[in-house]
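Quick note on labels: first sequence line is chain A, next is B, and so on, each numbered from 1.
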Amino acid sequence: MSTPQLDKTYSPHDVENRWYQRWIDAGLFHADPTHAGQPYSMVIPPPNVTGSLHVGHALNNTLQDILIRWRRMQGRNVLWMPGTDHAGIATQNVVERQLQAEGTSREALGREEFLKRVWSWKEQSGGTIIGQLKKLGASCDWERERFTMDPGLSEAVREVFVRLHQDGLLYRGERLINWCPRCLTALSDIEVEHEEATGKLYTIRYHLVDDPTQCLLVATTRPETLFGDTAVAVHPEDERFRHLIGKHVRLPLTSRTIPIVGDSILVDREFGTGAVKITPAHDFNDFEAGERHELKRIKILDLHAHLRLAGCLADSAVAEAVENLPVAKARPKIEQFLTDQGFLDKSEPHKMALGKCYRCKTVVEPFLSDQWFVKIKPLAEPAIQVVEDGRVRIIPEAWKNNYLGWMRDIKDWCVSRQIWWGHQIPAWYCETCHGTPFLRRSSDGAPLIPSDAVAIVAKTQPDACPQGHRDALVQDPDVLDTWFSSALWPFSTLGWPKQTPELKAFYPTSTLVTGLDILFFWVARMIMMGLKFMGEVPFRDVYIHALVRDAEGQKMSKSKGNVIDPLHVMEQYGTDALRFTLAAMASPGRDVKLAEERIEGYRNFTNKIWNAARFLLMHLNGERAELPPAQRSFPDRWILSRLNTAISTVTHELEQYRFDRASSAIYQFIWYEYCDKYIEMVKPALKDPNSEQAKSTRQTLAETFETMMRLLHPFMPFITEEIWQTLPHDGTSIVRKPFPTTKTEWESQEVEQEFALLEECRALMNQERAILGHTAGKRLHFNIHGKTDVAHSAFIKHKALIEYMENVENLSISGGVDIAAPHLLTLTSGSTEVGTSMEGADLHKAKDNVTKQMAVLQKEVARTRQKLGNPDFVAKAPPEVLTDHRDRLARESRMIELLQQALSQITLEQTPHQAS
RNA sequence: GGGCGGAUAGCUCAAUUGGGAGAGCGCUGCCCUUACAAGGCAGAGGUCACAGGUUCGAUCCCUGUUCCGCCUACCA
């Protein structure tokens with residue numbers, strides 16, 4: 001039998017493509033609801049359909065794939081449900097930009113044509129990220145890939161909408177919402193990002209109508225909104241202003257007068273001047289204050305956040321100057337007018353939070369409009385409950401309070417969006433019932449549904465309204481928030497509202513792996529919707545991983561140019577190296593700072609593994625004899641025992657979602673135990689390929705390496721498959737082979753202790769080499785002495801091994817006699833004494849080396865002595881600590897003595913030479 | 001403004017019940033030793049942010065300070 005030979009360095013490229021294709025062809029990732037194993041399921045956090053893979057995705061999906069591959073190998077009935085979401089605003093923006101470049105617009109195309117365009121863009125680019133996930137090795141069940149706008153998922157959306165409406169949890173109404181004047185749509189509260197900005201705090205004089213010589217000073221950061229003011233508020237208990245409540249002031253730059261009201265909620269007496277202007281149509285607080293005082297709402301901004309001053313009685317010169325200007329341009333002009341006309345008292349720099357659209361970073365405006373809202377409190381309560389009582393575990397637990405805090409203070413969710421790409425709201429309005437035809441928006445012809453129009457909510461378009469009017473039904477032009485459909489993802493992807501076998505087998509899912517940034521957007525909403533519509537949590541565990549940053553800790557962004565492109569990394573270093581890096585750095589609760597050097601380090605690791613496999617293949621030719629572990633050679637028994645520990649550690653750490661510790665355990669085991677120690681120890685046994693020793697060793701080599709590949713497979717799927725295939729194995733692919741489990745017959749404390757003795761001995765030999773300046777390559781003669789029976793017999797037993805490992809010629813093992821002798825430099829530690837000849841060494845340097853070591857030791861001894869000399873310490877420290885310290889002192893003193901001895905040995909050695 | 005987390009080797013991070021701080025990468029020196037120079041061996045490098053407190057003893061617990069993140073919020 002001949003074994004295949006491998007190239008000298010691992011080249012991941014072909015390996016990856018080849019194996020991924022074969023896995024797919026063999027259907028290894030396909031889930032079967034009738035599979036006998038205990039279900040283990042996950043849904044992928046759906047990436048944007050038109051997006052492409054960034055390093056955050058890479059981390060997210062690597063961790064998921066590790067879990068999935070691990071559980072699959074454990075024999076669980078595994079489903080990893082993949083798919084993408086339609087990313088309403090983002091995708092629409094992309095296509096609109098394309099149209100703009102072509103000199104046209106969505107309005108010009110019309111809704112139907114525009115949607116065709118988006119669909120074709122989706123067809124064209126929607127596969128990109130899926131292809132990239134495959135490159136990453138993601139073992140999703142691609143046959144089940146879903147898209148949030150698939151017919152089935154769209155049906156789920158309509159079903160949920162209708163049922164929420166029936167249950168009174170969905171309503172339409174005129175409210176102040178966050179409006180993006182660039183995307184021209186409403187946003188939910190959490191789609192607004194707050195950013196600190198330095199603006200100005202303007203203090204403006206509002207003159208009293210009764211007595212124009214007096215004025216009320218009003219502080220504002222947004223002077224242009226004064227045109228929408230309908231009152232000024234002061235604190236009702238503020239002595240400075242109390243007498244003014246009920247009086248009126250003249251609104252600067254207009255011919256209007258507005259009342260002064262008392263409002264203890266809105267006004268903070270300490271802030272600014274203690275008087276606040278109220279602009280109910282353009283500020284959330286003012287909106288509520290306006291309700292309390294029954295104030296008119298005057299809109300002064302249009303959809304684009306341009307000033308529209310008709311109806312607010314602005315002075316004509318002012319109106320002319322700022323009409324149709326965006327806020328940013330209007331503000332300085334207003335400031336100028338106020339200054340010129342003596343209204344501006346002062347303006348000073350002021351820090352404030354600016355709300356920006358999370359998609360396009362445009363400053364959002366509070367905007368009065370008709371929108372659909374989910375009444376959230378009744379949904380939130382059970383979703384709080386399940387996290388409190390642990391039915392959903394959030395890992396790391398630190399984020400639990402974050403979740404709970406947000407959920408307890410949750411506000412109604414604005415779900416309507418004024419865009420076209422998405423699930424159009426299944427609500428119709430009857431123009432006949434309404435009495436007059438609805439107005440149409442001039443720009444795109446969309447119907448403007450009046451606030452008081454009655455919505456008919458249904459899964460499909462009704463034939464007639466409840467009054468029996470046909471032909472006059474108009475569907476709500478708005479679409480739903482993308483997160484509305486994402487919230488249903490864990491069950492809509494499984495076929496809901498149909499009761500499918502998949503739904504039965506795989507819901508609730510086992511684990512959700514996601515980033516903190518969508519805890520509220522997505523996780524919270526899935527829990528609410530899952531509980532509401534499935535009556536059960538959508539997942540048991542939520543593992544929240546960190547954000548990926550660059551080596552400086554900066555958030556990666558294209559504009560900063562610090563983006564690490566995972567595709568580029570995979571090209572350069574291989575997918576396995578990238579995956580392993582991400583896993584190794586995924587410490588909980590900490591951001592991942594990714595530097596390319598780290599990836600390179602793990603690329604080296606793949607090469608190390610590769611070359612270890614090469615070594616195996618070079619020596620695996622020939623018969624293999626399988627002995628019971630206890631009868632195998634010392635190196636074999638040792639590596640089996642260590643492998644057992646590695647399996648146990650990796651499994652345990654994966655159970656805790658400690659990807660970092662699991663990967664580090666594998667790394668340590670493979671590199672330092674398997675490669676550095678085991679392979680080295682095994683070489684002598686393989687010298688004669690036909691020996692009994694060689695036959696048994698080959699068996700252990702093959703067996704342990706094969707096991708090791710299975711242990712590593714979830715982390716590095718490609719290289720492990722490639723190597724596994726070349727090793728003696730059963731089956732067609734490592735993907736579905738069992739994950740290693742511990743075997744008690746592999747474990748041997750005795751062998752490990754024996755090994756530790758050898759290591760102790762080798763450490764002393766190395767130290768001697770270092771002192772004497774002998775390189776590892778120089779063959780030396782050593783005397784060793786095992787101070788205990790165990791040590792002595794271990795050295796006797798492993799004489800050849802020590803000779804081989806330490807490049808020793810003719811090792812002498814003395815039994816219980818002092819091996820100090822002329823020309824010998826001796827060193828000792830717990831159970832071992834080692835000596836070698838000083839002949840031919842640079843004794844000056846040796847002396848230096850010893851002296852340095854001694855200085856360090858003497859310091860330590862002094863400290864330990866001092867501690868033990870402290871009566872309080874001796875009286876109060878626990879006995880084991882005391883013993884520990886006394887042992888240490890003894891050890892250190894002994895060591896000094898020995899170094900002292902070594903020093904005199906060296907000195908003695910020097911003398912005759914100096915004499916001669 | 002509120003909340004949470006962090007500050008440990010040049011860099012990135014570990015260290016569970018307080019008893020002489022470790023790893024990877026990088027760096028330095030020596031080695032192309034037949035699996036691997038993408039490697040081997042050896043080594044340097046730390047007032048565990050600062051100031052107090054508790055304790056025989058603190059990187060660890062408590063208090064305060066500084067700095068850095070993140071989340072959250074309608075102080076005009």
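- Residue A/Tyr672 places at least one side-chain N or O under 4.0 Å from the OP1 or OP2 atom of B/rG24.
- Side-chain atoms of A/Ala877 lie closest to B/rC56 of the nucleotides B/rC56, B/rA35, B/rA73.
- Applying the 4.0 Å criterion to OP1 and OP2 of B/rC25, one finds that A/Tyr667 has a side-chain N or O inside that range.
- Side chains of A/Glu193 and A/Tyr358: no donor on one and acceptor on the other come within 3.5 Å.
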| Are A/Phe605 and A/Ile670 close enough, and set up right, to give a side chain to side chain contact (heavy atoms under 4.5 Å, CB included), and what steps lead you there? | CA-CA 9 Å; A/Phe605 180 48; A/Ile670 294 183; 3.9 Å; yes
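- To the nearest whole angstrom, the two P atoms, one in B/rC60 and one in B/rG6, are 13 Å apart.
- In this structure, A/Lys8 reaches the B/rC36 phosphate: one of its side-chain N or O atoms is under 4.0 Å from OP1 or OP2.
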Contact list (N/O, under 3.5 angstrom) for nucleotides 27-31 of chain B vs protein:
none

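- Side-chain polar atoms of A/Arg769 and A/Asn766 form no donor-acceptor pair below 3.5 angstrom.
- B/rU34 and B/rG46 have their P atoms separated by 38 Å, given to the nearest Å.
- Between A/Trp671 and B/rG40 there is a side-chain N or O to OP1 or OP2 distance below 4.0 Å.
- Counting only heavy atoms from C-beta on, A/His350 has its side chain closest to B/rA76 among B/rA76, B/rG19, B/rC74.
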| Pair pattern of RNA chain B in dot-bracket, where unpaired bases get dots and | marks partners in another strand, Watson-Crick or G-U under 3.5 angstrom | (((((((..((((.....[..)))).(((((.......))))).....(((((..]....))))))))))))....
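- Phosphate proximity of B/rA42 to A/Asn766: present, with a side-chain N or O under 4.0 Å from OP1 or OP2.
- Of the side-chain N and O atoms in A/Asn604, one or more sit less than 4.0 angstrom from OP1 or OP2 of B/rG39.
- The side-chain heavy atoms of A/Leu780 and A/Asn807, taken from C-beta on, include no pair separated by under 4.5 Å.
- Residue A/His774 is classed as having no contact, given no heavy-atom separation below 4.0 Å to the nucleic acid.
- Taking the P atom of each, B/rC11 and B/rU54 are spaced 34 Å apart, rounded to whole Å.
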Collect all protein-nucleotide pairs involving nucleotides 60-62 of chain B in which both atoms are nitrogen or oxygen and the distance is under 3.5 Å.
none

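- Within 4.0 Å of A/Ala612, counting heavy atoms only, lies at least one base atom of the nucleic acid.
- Taking atom P on both nucleotides, B/rA73 is separated from B/rG2 by 15 Å, rounded to a whole Å.
- Looking at heavy atoms from C-beta onward, A/Thr606 lies out of side-chain contact with A/Tyr602 at the 4.5 angstrom threshold.
- At a threshold of 4.0 angstrom between heavy atoms, the contacts of A/Lys683 include nucleobase atoms, whether or not backbone atoms are also involved.
- Rounded to a whole Å, the NZ atom of A/Lys608 is 11 Å from the P atom of B/rC25.
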